[in-house]
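Accompanying notes for the structure given below.
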Amino acid sequence: MINSSGGRSGRRVDYGRTYVVRPKGRHLATIVWLHGLGDNGARYRFIARLIPTAVSYTLLIQTRVLHSFMHAISWSQLLDSLPLPNIKWICPTAATHPVTAFGGFPCTAWFDVEDTSIDGRDDTEGLDASAAHIANLLSSEPSDVKLGIGGFSMGATVALHSAACYAHGKFTSGIPYPITLSAVVSLSGWLPCSRTLRGKIESSHIATRRAASLPILLCHGRADEVVTYRNGERSAEILRSSGFSYLSFKPYNGLGHYTIPEEMDDLWKWVSSTLGLNRSR
């Protein structure tokens, strides 16, 4: 077991409650699902359907008005509704700490963020800490169960960071990455540490092989006003050019920073096919 700072001695990270959705059939896979900024493991908010487009998303969060505009639905309920009876879903909650993008306003966040851009500053310590926490959650799963990580928005960013750590064989800190991943999903996220990714993957034959064989699904709305579509598109481009050739990128016309049934249908079909669950119940 590694500590919550990615294997380094550092500040203690107090994560929130973890929610678990048990498989309805034979347990063949476990996926950790990561929420977005300001949410928790149980809640997901369909933002764009309820917030007037003229209202600033960031301003609403900073002034605490956002919650009155949102209808909450449980992430665990949403995942439990998917026709994936052989999957155990683990939905953890990030720690609460000040976020630079919100002027130091404290909220649940997997890492500190200044802006939701592939070109932004990378909080490698925070990314490593969250990736280590997720790896710990998965490390106790049965050895014959396939492991995956997915998420929305900044949760998707941590999932992609975990993919890079798995391929490279270690966290940014240099501590070995302890688990084997079989699938990674990013909804409305962006790729962190993009400037150094290719060099890490090309540093060894093992990293190159792991990157080429890891299935990754990226989904992004063309109308995303929080993590722009170009950031999602560039993330896919950099991943591919770095050797992650087993990658699917799905764009959605008119989709903002939220999910829709079409996207969730694509998710469960991809997961079922990728993990070989089509004939299992």
Side-chain angles (χ1 to χ4, degrees), residues 2 6 28-34 84 86-90 110 118 122 124 127-128 130-139 141-152 154-172 175-220 232-250 266-278:
I2 52 180
L28 299 178
T30 298
I31 298 177
V32 170
W33 191 265
L34 306 171
L84 294 168
N86 305 109
I87 292 183
K88 172 184 176 181
W89 299 92
I90 301 176
W110 296 110
I118 196 170
D122 295 311
T124 54
L127 286 161
D128 270 1
S130 291
H133 178 61
I134 297 158
N136 281 336
L137 291 174
L138 289 169
S139 63
E141 292 300 293
S143 59
D144 61 341
V145 166
K146 295 178 180 179
L147 307 178
I149 302 173
F152 173 79
M154 79 172 338
T157 298
V158 176
L160 293 178
H161 181 68
S162 297
C165 291
Y166 161 69
H168 191 213
K170 51 191 172 184
F171 296 98
T172 309
I175 300 300
Y177 190 76
I179 61 173
T180 298
L181 295 179
S182 296
V184 172
V185 177
S186 167
L187 305 186
S188 304
W190 71 96
L191 177 67
C193 308
S194 60
R195 291 174 287 272
T196 59
L197 180 60
R198 185 168 181 171
K200 289 179 179 178
I201 301 306
E202 293 180 347
S203 65
S204 74
H205 293 300
I206 294 176
T208 301
R209 186 172 65 249
R210 284 180 174 174
S213 62
L214 177 62
I216 301 179
L217 172 66
L218 276 75
C219 300
H220 217 102
E233 190 176 45
R234 287 181 61 205
S235 295
E237 292 170 354
I238 293 173
L239 282 164
R240 285 198 180 104
S241 67
S242 299
F244 291 86
S245 54
Y246 198 171
L247 182 149
S248 297
F249 180 72
K250 292 184 175 293
D266 288 338
L267 184 154
W268 78 256
K269 290 174 183 176
W270 182 88
V271 167
S272 182
S273 175
T274 298
L275 297 181
L277 307 179
N278 294 321

* Yes or no on side chain to side chain contact (heavy atoms under 4.5 Å, CB included) for S186 and I216, after CA distance, side-chain angles and deciding distance? -> CA-CA 8 Å; S186 167; I216 301 179; 5.7 Å; no

* To do: State, yes or no, whether a side-chain contact exists between I179 and Y166 at a heavy-atom distance under 4.5 Å.
  => no

* Asked: If we only count heavy atoms from C-beta on, is the K250 to W270 side-chain gap below 4.5 Å?
  -> no

* Determine the minimum heavy-atom distance between Y177 and S162, stating which atoms define it. => OH-CB, 3.9 Å

* Asked: Rounded to the nearest 0.5 Å, what separation is found between the CG atom of L160 and the CG atom of L127?
  -> 10.5 Å

* **Student check: side-chain heavy atoms of H161 and T157 closer than 4.5 Å** => no

* To do: List the atom of W89, the atom of L267, and the distance in Å for their closest heavy-atom pair.
  => CH2-CD2, 4.5 Å

* **Where K200 and H168 come nearest, the two heavy atoms and their spacing** => O-CD2, 3.4 Å

* **Separation between NZ of K269 and CG of L277, rounded to the nearest 0.5 Å** => 15.0 Å

* Closest heavy-atom contact between V158 and S130? -> CG1-CB, 4.0 Å

* To do: Starting at CG of D128, measure out to CD1 of I175 and round the result to the nearest 0.5 Å.
  => 9.5 Å

* Enter the distance from L275:CG to L28:CG here, rounded to the nearest 0.5 Å. => 9.0 Å

* **Interatomic spacing from CD in E237 to CG in L218 - rounded to 0.5 Å** => 11.0 Å

* To do: Begin from the C-alpha positions of L147 and T180 and carry the test side chain to side chain contact (heavy atoms under 4.5 Å, CB included) through to its verdict.
  => CA-CA 7 Å; L147 307 178; T180 298; 5.8 Å; no

* Structure fact -> Nearest heavy-atom contact between A167 and F244 is CB-CZ, 3.8 Å

* Taking it one step at a time, do W268 and I87 satisfy side chain to side chain contact (heavy atoms under 4.5 Å, CB included)? -> CA-CA 11 Å; W268 78 256; I87 292 183; over 6 Å; no

* **Side-chain donor or acceptor of D122 paired with backbone N/O of C193 under 3.5 Å** => yes

* Asked: Can you find a heavy atom in the side chain of T124 that is under 4.5 Å from one in the side chain of F171?
  -> no

* Student check: side-chain heavy atoms of I134 and I90 closer than 4.5 Å -> no

* Asked: For I201, does its backbone N or O pair with a side-chain atom of T208 as donor and acceptor, under 3.5 Å?
  -> yes

* Structure fact -> Separation between OG (S235) and CH2 (W190), nearest 0.5 Å, reads 9.5 Å

* **Contact summary for A207 and S204, nearest pair of heavy atoms** => N-OG, 3.0 Å

